[in-house]
Number of protein chains: 2
Amino acid sequence: MNTKEKIFDVSLDLFSKRGYDSVSLREIAEEVGIKKSSIYSHYSSKEAILMDIFEYFTDLFEYDDLINSKELVLSEDNDVLIENPELFYHMGSEAIRGMFKEERNLKIWKLIFIQMHYNEKIRNFFQKEMLLKPLIFWENFFAILKEKGIIRADSNPQLLAKEYYSFPIFLLLEICAKYDDIPESCLDDFFKQAEEHARFLLDCVKVK
Amino acid sequence: MNTKEKIFDVSLDLFSKRGYDSVSLREIAEEVGIKKSSIYSHYSSKEAILMDIFEYFTDLFEYDDLINSKELVLSEDNDVLIENPELFYHMGSEAIRGMFKEERNLKIWKLIFIQMHYNEKIRNFFQKEMLLKPLIFWENFFAILKEKGIIRADSNPQLLAKEYYSFPIFLLLEICAKYDDIPESCLDDFFKQAEEHARFLLDCVKVK
DNA sequence: GTCTATAAACTGATAGAC
DNA sequence: GTCTATCAGTTTATAGAC
């Protein structure tokens, strides 16, 4: 790992624990094992580090957008979901698993929870990419299930989207509130609960 | 309104918008219309203001604990819920409505969302009083509904508690992310959605 | 005498100039 | 790296209102 990556990781670690403002460049430099002036060889300012972390995460979302739209189109083209709606159980939790198999990403979520109150850019991102867009995706998803007769005809896709998505966000909030340093072990429990939730919700609305 | 109350309100307003650390005593004093040293006639320190806000909120919760336990016992004693399980629709949203009819309390929620990452005491409070205890309360509640045969025998009260509670918390997170200054108008929408959610969930699990 | 407001000064941290 | 200015929270002394 080169120095810039070390700065990235150390900064993310400290920021996600104590917030951006509470961490000084001196601390970051110390943890990395360099002098603080050396940071400027890699980043032009403290905020540039934050924005680099943020952009890394933003790129991830753009990649996810592709995956999501592809899967959604796929499910419209063939009838795999009709044959086996239980596959749905896994879609959400697998998307989440993909997002969080990197410990780094979970830390960035926490950082965004903390920092959105102080940074317009991060706040807008959180609103749009982490709340609005996922809700639209899941609304489309439930609309398709409804159209195909997998879930009940009186289902409300918009409500179901929020029913579906609010649960894992709540779990994340629980984790962020509980842990300073998020242990990998808590992820298993997270996935278990997310799957249980998906199973429950589909069972509630699917045509028997 | 006396000066101390003004300091309380102005501080809460500014803290809930920009966080505790970003607000200076000078700003608070200016907004109140006094000099910063005058604040010390009412509060021994800046942190004392934060803790006063926090204690006001803590007291509210202790009062709510009484109400909650009383209502829960009530519902065990008589069979009003069996006769009219739809009353359940309103229990949650009314509890929330009671909490948020004071604009002040919604601001404190936001402040706690922001500040819990920086303050051990607030973080513990959030975890215990705003996550753990409500979940236990709703778990007991669903256990009673199950026992009385109002909801299906294969229901999982612990899961249902989280299904129930995660939704309004998600709504709150949405509001806190969206608004700097939370408008009263958004409360109506909040209550509408919370009721729709309660209706949906009960409809999913109740014995037909 | 008590309560409240204010001016002035102190301390520590931080940022920028040199 | 040092010097300086600035701003934060705090403390003290004092003046005035009731």
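Only this structure's heavy atoms are used, side chains among them; waters, hydrogens and symmetry mates stay out. Order of the sequence lines sets the chain letters (A, B, ...), proteins ahead of strands, with each chain counted from 1.
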Bounds of contact between DNA chain D and chain B, in 5' to 3' order, using a heavy-atom cut-off under 4.0 Å: D:dA8 to D:dT11
Geometric class of the [Y]/[X] ring pair [parallel <30°, tilted 30-60°, perpendicular >60°]:
X        : Y        : value
B:His197 : B:Tyr164 : tilted
B:Trp138 : B:Phe141 : perpendicular
A:Phe190 : A:Phe100 : perpendicular

A:Arg152 (side chain) donor-acceptor with A:Cys204 (main chain) under 3.5 angstrom: yes
Donor-acceptor contact below 3.5 Å, side chain B:Tyr20 vs main chain B:Leu111: no
Helix axis bend for the helix from C:dG1-D:dC18 to C:dC18-D:dG1 - C1'-based end axes, five pairs, 10° rounding: 10°
Sequence neighbours excluded - side chain to side chain donor-acceptor pair (under 3.5 Å) pairs with any residue from residues 174-190 of chain B: A:Arg123-B:Asp180, A:Lys162-B:Glu174, B:Lys17-B:Asp181, B:Asp189-B:Gln193
Sub-6.0 Å ring centroid separation between A:Phe170 and B:Phe170: no
Residues within residues 20-40 of chain B bordering DNA chain D, heavy-atom distance below 4.0 Å: B:Val23, B:Ser24, B:Leu25, B:Arg26, B:Lys36, B:Ser37, B:Tyr40
Any residue of residues 7-17 of chain B with a heavy atom less than 4.0 Å from an atom of DNA chain D: none
Listed partners of B:Glu102 passing salt bridge (Lys or Arg N to Asp or Glu O under 4.0 Å), at least two apart: none
The single option from B:Lys46, B:Lys36, B:Arg18 passing salt bridge (charged side-chain N to carboxylate O under 4.0 Å, His left out) against B:Glu27: B:Arg18
Donor-acceptor side-chain pairing of B:Asn124 and B:Glu129 below 3.5 angstrom: no
Modelled atom types, side-chain donor and acceptor of A:Asp52 and A:Tyr43, under 3.5 Å: yes
From CA spacing to verdict: side chain to side chain contact (heavy atoms under 4.5 Å, CB included), A:Ile122, A:Phe113: CA-CA 9 Å; A:Ile122 293 180; A:Phe113 270 139; over 6 Å; no
